[in-house]
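In what follows, chains carry the letters A, B, and so on, assigned in the order in which the sequence lines appear, proteins first and then strands, with residues in each chain numbered from 1.
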Amino acid sequence: MIFDDQYQQQRIEKGHALKALGRNPYRHNITKDTSTKEFLECYDYVIQSEEKRDEHKNNTVVGRIKFLRHMGKAAFAKIEDEHGILQIYFSRESIGEEWFAEAKKLVEVGDIISVTGFPFVTKTGELSLHAKVLEIATKSIIPLPEKFHGLQDKELRYRKRYLDMIMNADVRRTFKIRSKIVSEIRHFFEERNFLEVETPMMHPIAGGANAKPFVTHHNALDVDRYLRIAPELYLKRLVVGGFEAVFEINRNFRNEGMDQTHNPEFTMIEFYWAYHNYNDLMHLTEEMFDVLLKKLKLPKKLPYGDMEIDFSKPFRKIGFREALCNIGEVPNEILDDCAQIVAYIKTKGFEVDAKLNLGKLYEELFDLFVEEKLINPTFIMDYPIEISPLARRSEENPSIAERFELFIAGREIANGFNELNDPIDQYERFAKQLQAKNAGDDEAHEMDEDYVQALGYGLPPTAGQGLGIDRLTMLLTNEESIKDVILFPAMKPLTENDELLQKDEE
RNA sequence: GACUCGUUAGCUCAGUCGGUAGAGCAUCUCCCUUUUAAGGAGGUGGUCGAUGGUUCGAAUCCAUCACGGGUCACCA
């Protein structure tokens with residue numbers, strides 16, 4: 001039975017007692033006229049005043065009791081609302097003898113109360129509210145965690161985020177910043193005449209990235225659908241249709257492992273810009289970081305963990321192959337031969353699949369020797385064509401794609417490129433991916449003929465980019481785990497022990 | 001998926017060499033009309049994550065399982 005815990009039962013009884021006194025413990029007609037923050041700002045002058053109180057004022061503040069100190073015939077409490085925390089004082093004289101005696105027993109930490117009264121300053125100099133009226137708004141029947149240490153257990157914090165939020169003001173702060181980041185990015189693109197769109201979440205073909213999709217089923221049509229791994233191919237269809245600058249901020253779903261930087265559902269912004277190229281994207285990205293840091297009042301040299309990240313423009317740019325040699329210290333002379341690369345990786349003590357093609361091996365080298373060293377914002381330019389099936393081929397060097405990725409603090413933050421708009425080339429690259437898939441690469445791209453058809457009508461020269469909102473938020477809030485910037489991160493369901501026993505018997 | 005650390009009262013945590021369960025906060029009963037993690041006195045509260053095993057005896061040792069953290073693998 002739920003709520004059968006002794007403490008919860010006690011509190012349920014208190015709720016009944018309140019009701020018996022004609023005080024509904026779950027009222028809905030509670031209004032407040034002042035937030036805790038407004039109260040403190042508004043009556044700041046009382047601190048300077050001679051009387052240390054202003055009995056002509058009368059305000060109603062509502063909040064959750066976080067601290068409660070009874071002292072015989074008077075009491076102090078701290079009540080918290082979204083914007084802050086305020087001390088209130090009430091006594092036998094101020095709220096009435098009978099109600100004071102009852103409230104002493106029936107009103108406790110965790111309850112949401114409404115108090116009406118005037119500002120005054122205590123002996124120790126704290127601006128507080130002297131309550132003349134105290135009413136219960138919501139009776140809380142589950143006791144809060146310990147007031148000093150709060151809620152520490154990470155598992156509980158993620159599973160019961162609401163409790164984490166009640167107990168931890170920093171958590172509320174982080175998610176407010178996240179909201180602000182999304183809002184400012186939206187503004188940034190709207191101001192530049194990008195159109196915000198929504199494309200399907202359920203795809204007949206999971207395209208736009210190399211990743212394992214979640215599968216679901218549409219009953220009426222009796223077909224499987226894939227939760228999208230990227231919105232890319234739909235957004236480019238819109239550019240074919242005539243929208244010259246579009247963006248979408250929404251969730252992608254990838255059926256893969258979870259760790260500090262991966263959650264199965266995560267938020268990306270993708271944007272596509274016709275008649276622009278990837279250099280324009282890089283400028284736009286630098287500008288966006290500039291604006292974000294300014295709007296969030298963060299310094300250009302931003303501390304992150306034990307690092308300091310320098311966001312001064314322009315960001316460093318370095319070619320993919322150059323990065324392997326200069327940053328990864330991979331000898332240049334081995335880079336044209338698969339066998340030598342495989343041998344090199346093995347001498348460094350890592351496993352590698354010897355059947356990989358040159359592009360994939362470059363990627364391995366990059367992940368092993370370069371990525372973690374890219375602390376300050378760095379654009380890595382000109383990717384191998386084999387690992388860039390949707391990007392435009394360079395005219396000077398057909399083995400590379402006109403593509404960049406942005407790395408910050410050793411992590412990939414963004415990926416952008418000149419879009420491949422040659423339908424024949426796209427068809428052939430899909431065909432190659434299909435071969436790889438049939439050969440066992442389960443992350444290779446699917447053939448999407450409808451998309452190739454769309455290109456057949458003509459995709460204008462376009463550059464497009466995706467940027468991970470969760471990782472960006474981690475960076476700007478100095479959080480080390482993606483779980484700390486996602487309100488409800490993915491967790492395994494809790495199984496009851498008797499269920500487990502049943503499973504064992506099966 | 002692998003390795004590793006953790007899981008003890010509602011919460012935060014102790015628990016020695018294997019000898020039968022502890023503290024603080026919360027809660028309950030009292031005292032207290034300016035407290036600040038209020039204070040003082042006294043109480044209640046435990047299937048030590050689960051299941052097996054070793055042992056005269058298991059929170060403690062062993063095995064399996066569950067969940068979580070970290071590292072790695074996977075993941076542009």
Side-chain angles (χ1 to χ4, degrees), chain A residues 5-11 13-14 52-53 66-78 85 87-94 100 105 108-110 120-126 128 130 141-159 163 167 208-212 229-230 254-264 266 320 350-351 359-360 362-364 366-367 371 380 383-384 386-391 401 403-405 407 411-415 417 442-443 445 466 468 480-481 483 489 491-501 503-504:
Chain A
D5 172 274
Q6 54 169 327
Y7 301 108
Q8 298 174 15
Q9 282 297 319
Q10 274 172 8
R11 295 179 76 119
E13 284 308 314
K14 290 180 183 184
K52 298 290 180 196
R53 54 175 55 214
K66 296 296 287 290
F67 299 91
L68 184 55
R69 297 181 278 274
H70 284 290
M71 291 169 306
K73 300 179 186 65
F76 285 93
K78 294 230 168 163
I85 192 158
Q87 176 165 267
I88 63 156
Y89 170 85
F90 60 100
S91 67
R92 196 171 67 169
E93 269 72 54
S94 74
F100 183 84
K105 291 182 210 150
E108 56 200 321
V109 171
F120 80 112
V121 177
T122 64
K123 272 183 184 169
T124 51
E126 180 167 348
S128 308
H130 186 117
I141 60 168
I142 306 181
L144 292 180
E146 199 236 0
K147 62 190 170 190
F148 185 54
H149 298 93
L151 185 66
Q152 298 293 330
D153 187 300
K154 283 207 165 158
E155 180 169 359
L156 265 181
R157 289 184 48 210
Y158 298 141
R159 285 191 197 279
L163 188 57
M167 297 309 295
N210 300 344
K212 294 184 199 92
I229 55 175
R254 297 189 184 175
N255 206 341
E256 282 156 2
M258 294 154 60
D259 62 26
Q260 283 194 335
T261 54
H262 296 83
N263 194 67
F266 63 101
F320 191 95
F350 298 102
E351 298 279 314
K360 291 243 176 194
Y362 275 26
E363 194 178 19
E364 287 287 325
F366 188 86
D367 290 348
E371 185 169 13
I380 300 293
Y383 273 65
E386 297 95 324
I387 56 170
S388 314
L390 302 166
R403 169 185 173 194
F404 66 85
E405 288 195 342
F407 291 84
R411 287 184 198 133
E412 183 201 342
I413 294 290
N415 176 23
F417 41 85
D442 56 358
E443 272 141 25
H445 230 282
E480 60 183 18
S481 169
K483 283 188 164 74
M491 300 289 278
K492 274 201 195 181
L494 293 172
T495 38
E496 296 294 329
N497 286 313
D498 46 350
E499 280 176 34
L500 287 174
L501 288 175
K503 269 187 194 166
D504 284 353

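- Distance check on atom C1': B/C72 versus B/U64 gives 24 Å, rounded to whole Å.
- Judged purely by atom type and a 3.5 angstrom limit, A/E256 uses its side chain to pair as donor or acceptor with the backbone of A/K212.
- Contact between the side-chain N/O atoms of A/K492 and the OP1/OP2 oxygens of B/C67 is found at a separation under 4.0 Å.
- A sub-4.0 Å separation between OP1 or OP2 of B/U35 and a side-chain N or O of A/R69 is absent.
- Between the side chain of A/E126 and the base of B/U36 there is at least one donor-acceptor pair of N/O atoms closer than 3.5 Å.
- With the nearest nucleotide of RNA chain B identified for both A/N210 and A/H70, A/H70 has the one nearer the 5' end.
- A/K483 NZ: more than 12 foreign heavy atoms inside a 6.0 Å radius.
- With rounding to whole Å, A/L68 atom CG is found 12 Å from B/A26 atom C1'.
- Using atom P as the reference point in both B/C74 and B/G52, the two lie 40 Å apart (nearest Å).
- Under 3.5 Å, the side chain of A/T122 and the base of B/U36 form at least one donor-acceptor pair of N or O atoms.
- Checking the phosphate oxygens (OP1, OP2) of B/U71, a side-chain nitrogen or oxygen of A/Q260 falls inside 4.0 Å.
- Along RNA chain B, the nucleotide nearest A/V121 and the nucleotide nearest A/M491 are compared for position; the residue whose nucleotide lies closer to the 5' end is A/V121.
- Considering only the side chain of A/R159, B/G68 comes nearest among B/G68, B/A37, B/C32.
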Per-nucleotide protein contact string for nucleotides 5-10 of chain B, where B marks a base within reach and S marks sugar-phosphate only (heavy atoms under 4.0 Å, - for neither)
-----B
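- Spacing between B/G22 and B/G45 at atom C1', rounded to whole Å, works out to 13 Å.
- Residue pairs meeting the salt bridge (Lys or Arg N to Asp or Glu O under 4.0 Å) criterion with at least one member in residues 66-77 of chain A, sequence neighbours excluded: A/K66-A/E80.
- Comparing B/U60 with B/G43, their P atoms are spaced 30 Å from each other, to the whole Å.
- Every side chain to side chain contact (heavy atoms under 4.5 Å, CB included) that A/E146 has, sequence neighbours left out, goes to A/F148, A/H149.
- Using a distance-only test at 3.5 Å, with no hydrogens or angles considered, a donor-acceptor pair links the side chain of A/D5 to the main chain of A/Q8.
- Atom P of B/A21 sits at a distance of 23 Å from the matching atom of B/C25, rounded to the whole Å.
- One finds a side-chain N or O of A/K14 lying less than 4.0 angstrom from the OP1 or OP2 phosphate oxygen of B/C28.
- Between A/F100 and A/H70, the angle of the ring planes goes over 60°, which puts this pair in the perpendicular group of the 30/60° scheme.
- A donor-acceptor contact under 3.5 Å links the side chain of A/D259 to the base of B/C74.
- One P atom belongs to B/U71, the other to B/G53, and the distance between them is 38 Å to the nearest Å.
- If you check B/A76 for Watson-Crick or wobble pairing at under 3.5 angstrom, you find it has no partner at all.
- In this structure, the CD1 atom of A/I88 is 14 Å from the C1' atom of B/U36, given to the nearest Å.
- A sub-4.0 Å separation between OP1 or OP2 of B/A26 and a side-chain N or O of A/K147 is present.
- A/R254 contributes no side-chain N or O that forms a donor-acceptor pair with the base of B/A76 under 3.5 Å.
- Pairing for B/U7 is with B/A66, a Watson-Crick or G-U wobble pair whose two hydrogen-bonding atom distances lie under 3.5 Å.
- Taking only side-chain nitrogens and oxygens, A/R11 never comes nearer than 4.0 Å to OP1 or OP2 of B/U27.
- Phosphate proximity of B/G69 to A/K483: present, with a side-chain N or O under 4.0 Å from OP1 or OP2.
- Rounded to an integer number of Å, the gap from A/Q87 CD to B/U36 C1' is 7 Å.
- Of the charged side-chain nitrogens involved, none lies within less than 4.0 Å of a carboxylate oxygen, so that A/E364 and A/K360 do not count as a salt-bridged pair.
- Checking the phosphate oxygens (OP1, OP2) of B/A26, no side-chain nitrogen or oxygen of A/K66 falls inside 4.0 Å.
- Under the Watson-Crick or G-U wobble criterion, with both distances below 3.5 Å, B/U20 is left unpaired in every strand shown.
- Atom P of nucleotide B/G39 and atom CE of A/M71 are separated by 12 Å, given to the nearest angstrom.
- Judged by Watson-Crick or G-U wobble contacts below 3.5 Å, the nucleotide B/A59 has no partner.
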